[in-house]
Novice: 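Below you will find the structure I want to go over with you.
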Amino acid sequence: MKTSLFVAGLFCLALAGCGAPHPSSERVAAGTPPAVTDSLVKLMRKSLTDPDPHATAQAMMCEIDRLFLLLGEKEAVQRIEEAEEIAFTWRDRAAISRRDSLLHLHSFSTSECRNTPHPDTAVASP
């Protein structure tokens, strides 16, 4: 499946927000297991059914930012495209359109990422 307009917009934001990897970030060699994108795939699927997908979209932005910092631009773009192919099928077209219309003209920022816990380490509130 081709990259959706929504995810393409997130790529654009991530590229503008990240640039080169942060010097303190740990770079991962090519051949990193696909599991590095598992959280992104889960968020992509969640964004299709979330009644208010703004928080999920922001978490996706942060996960994309994390991948750019961890893998570098070329590898991150490839992995994100692969994650989208895993997460979405042709049957999701209506849900993707609904999500995209709910998020229309909404902007997301990597500056919010410091305040957003990683989806795999987030602890549910009591």
Side-chain angles (χ1 to χ4, degrees):
M1 175 176 238
K2 292 285 185 191
T3 302
S4 73
L5 213 53
F6 172 71
V7 174
L10 290 178
F11 280 162
C12 181
L13 287 171
L15 286 171
C18 299
H22 190 275
S24 66
S25 69
E26 183 179 327
R27 295 295 304 276
V28 176
T32 305
V36 75
T37 57
D38 286 353
S39 296
L40 182 59
V41 170
K42 290 175 190 173
L43 289 167
M44 288 175 166
R45 292 299 309 162
K46 181 180 178 186
S47 75
L48 298 181
T49 57
D50 202 339
D52 182 15
H54 293 88
T56 302
Q58 178 61 56
M60 286 171 57
M61 179 74 235
C62 293
E63 190 61 12
I64 288 170
D65 182 53
R66 183 185 73 82
L67 291 171
F68 272 89
L69 293 173
L70 184 67
L71 302 172
E73 181 180 331
K74 185 178 178 181
E75 176 94 6
V77 167
Q78 181 180 346
R79 293 299 182 94
I80 293 163
E81 288 173 347
E82 290 169 1
E84 189 175 49
E85 288 177 12
I86 293 167
F88 305 131
T89 70
W90 63 271
R91 292 180 204 95
D92 297 319
R93 286 179 296 179
I96 291 168
S97 179
R98 175 194 137 316
R99 179 209 54 205
D100 290 352
S101 68
L102 288 170
L103 297 173
H104 183 66
L105 298 179
H106 188 84
S107 63
F108 301 96
S109 169
T110 58
S111 66
E112 295 294 319
C113 296
R114 285 168 270 157
N115 302 321
T116 306
H118 185 277
D120 289 341
T121 58
V123 178
S125 303

Novice: In Å, rounded to the nearest 0.5 Å, how long is the span from CG of Leu48 to CG of Asp100?
Specialist: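 One finds 9.0 Å between CG of Leu48 and CG of Asp100.
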Novice: Within this structure, what is the CG-CE distance for the pair Asp65 and Met60, rounded to the nearest 0.5 Å?
Specialist: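 Those atoms lie 13.5 Å apart.
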Novice: Please check if any side-chain donor atom of Thr37 sits under 3.5 Å from a side-chain acceptor atom of Arg79, or the reverse.
Specialist: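 The answer is no; no qualifying pair exists.
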Novice: Taking all non-hydrogen atoms of both residues into account, name the closest pair between Arg98 and Pro51 and its distance.
Specialist: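 Taking every non-hydrogen atom into account, NH2-CA, 3.8 Å.
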Novice: Can you name the closest pair of heavy atoms from Ser109 and Gln58 and give their distance?
Specialist: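 That would be O-NE2, 2.8 Å.
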Novice: How is the hydrophobic cluster of Val41 composed, in terms of its other members, when Ile, Leu, Val, Met, Phe, Trp and Tyr link through side-chain heavy atoms under 4.5 Å apart, directly or indirectly?
Specialist: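 Cluster partners of Val41: Ile86.
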Novice: Kindly give the heavy-atom pair with the smallest separation between Val36 and Glu63, and that separation in Å.
Specialist: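 Looks like O-OE2, 4.1 Å.
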Novice: Please list all pairs meeting salt bridge (Lys or Arg N to Asp or Glu O under 4.0 Å) that have one or both residues in residues 44-57, counting only residues at least two apart or in different chains.
Specialist: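 Pairs touching residues 44-57 that pass the test: Arg45-Asp92.
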Novice: Give me the atom names and distance for the closest heavy-atom approach of Pro53 to Leu102.
Specialist: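 Smallest interatomic distance, heavy atoms only, reads CD-CD1, 3.7 Å.
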Novice: Please report the interatomic distance OG1(Thr110) to CG(Leu69), rounded to the nearest 0.5 Å.
Specialist: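 Going from the OG1 atom of Thr110 to the CG atom of Leu69 covers 8.5 Å.
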Novice: Please identify each residue that fulfils ring pair (Phe, Tyr, Trp, His ring centres under 6.0 Å) with His106, with sequence neighbours left out.
Specialist: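 Result, ring pair (Phe, Tyr, Trp, His ring centres under 6.0 Å) vs His106: His54, Phe108.
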Novice: Quick one: pull up CD1 in Ile80 and CD1 in Ile64 and give me the separation to the nearest 0.5 Å.
Specialist: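 The distance works out to 5.0 Å.
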